[in-house]
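In what follows, a structure is listed as structure tokens, so that the remarks can point back to it.
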Amino acid sequence: TGIQKQYYHYNAAGALLYSIFFRNANSPIASVDSCIFIYSGERIIKRMDYTSAPLTILTNALTHEMFYEYDSAKNISAITFVNYDFSDGAPAKKDTVTLTYHYDKQKNPYYQNEAIYAYFVNLAFENYSSTNNIVEILYKGNSTSNDKDEFSFQYNDAGKPSRVLVTSFEVGSTRPAIWTTEYFYD
């Protein structure tokens with residue numbers, strides 16, 4: 001018991017088309033998660049996540065959708081997350097969250113060579129690096145405790161992120177919570 005398996009399927013150009021995750025490969029009633037990626041040219045424009053848990057309302061249920069928009073420099077300019085909440089049964093309640101990204105004009109030092117930059121961006125797919133440096137992320141959501149989060153990035157002389165300032169506005173609050181994360185390189 002407890003064996004997990006992950007499968008990936010790519011097209012001829014090497015783009016990920018879908019993945020399947022078996023949570024417990026030895027159990028006939030274990031849940032199975034899958035992701036389907038839709039492209040326009042070489043860019044992902046939509047991701048759909050499905051869960052299948054036999055004997056529940058989550059039988060081949062669409063649980064998340066992500067829609068991607070790009071700017072003229074091929075940076076992701078916005079991601080809209082649509083989450084389907086089945087906690088009260090079907091039909092699911094939809095919760096939509098949008099992240100909007102703003103960039104400077106400098107070349108991202110991680111571009112095309114260090115996918116770790118996806119950590120800063122949280123773009124929900126691997127091997128993405130923005131062309132330029134992110135200077136601000138705006139978060140807008142309806143059903144979360146935060147009304148808006150603003151992420152401001154500072155860079156060192158090598159063009160790598162050195163500090164991230166997060167300003168988080170709770171719903172109904174006029175005073176934001178503020179915290180800073182600093183990054184050091186050797």
### Task
Check whether more than 12 heavy atoms from other residues, nucleotides or ligands sit under 6.0 Å from atom CD of E42, and answer yes or no.
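At most 12 heavy atoms, drawn from other residues, nucleotides or ligands, come within 6.0 Å of this atom.
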Heavy-atom side-chain proximity of [X] to [Y] below 4.5 angstrom:
{"X": "S162", "Y": "Y183", "result": "no"}
{"X": "N156", "Y": "Y185", "result": "yes"}
{"X": "Y101", "Y": "S77", "result": "no"}
{"X": "T98", "Y": "T80", "result": "yes"}

### R47 with D49: basic N within carboxylate O range, under 4.0 Å
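Judged by the 4.0 Å cut-off on N to carboxylate O distance, R47 and D49 do form a salt bridge.
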### Query
Do L16 and F21 share a hydrophobic cluster (ILVMFWY, side-chain heavy atoms under 4.5 Å, transitive)?
no
#### Entry: Y84: side chain to side chain donor-acceptor pair (under 3.5 Å) partners, not counting sequence neighbours
E65
#### Entry: Point-to-point distance, once rounded to the nearest 0.5 Å, from NZ of K74 to CG of N132
12.0 Å
### Query
In Å, rounded to the nearest 0.5 Å, how long is the span from CD1 of I79 to OG1 of T100?
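One finds 9.5 Å between CD1 of I79 and OG1 of T100.
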Tell me every residue that passes side chain to side chain contact (heavy atoms under 4.5 Å, CB included) with [X], counting only those two or more places apart in sequence or in another chain.
{"X": "I38", "result": "I36, I45, K46, M48"}
{"X": "D157", "result": "none"}
{"X": "H9", "result": "L17, Y18"}

### Query
Applying salt bridge (charged side-chain N to carboxylate O under 4.0 Å, His left out), which residue pairs with at least one partner in residues 177-186 are found, sequence neighbours left out?
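Output for this query lists R163-E182.
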### Task
Give the other cluster members for L165, using side-chain heavy-atom distances under 4.5 Å between Ile, Leu, Val, Met, Phe, Trp and Tyr residues; answer none if it is isolated.
I178
### Query
Is the NZ or CZ atom of R43 positioned over Y70's six-membered ring, under 6.0 angstrom from the centre and within 45° of the axis?
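Yes.
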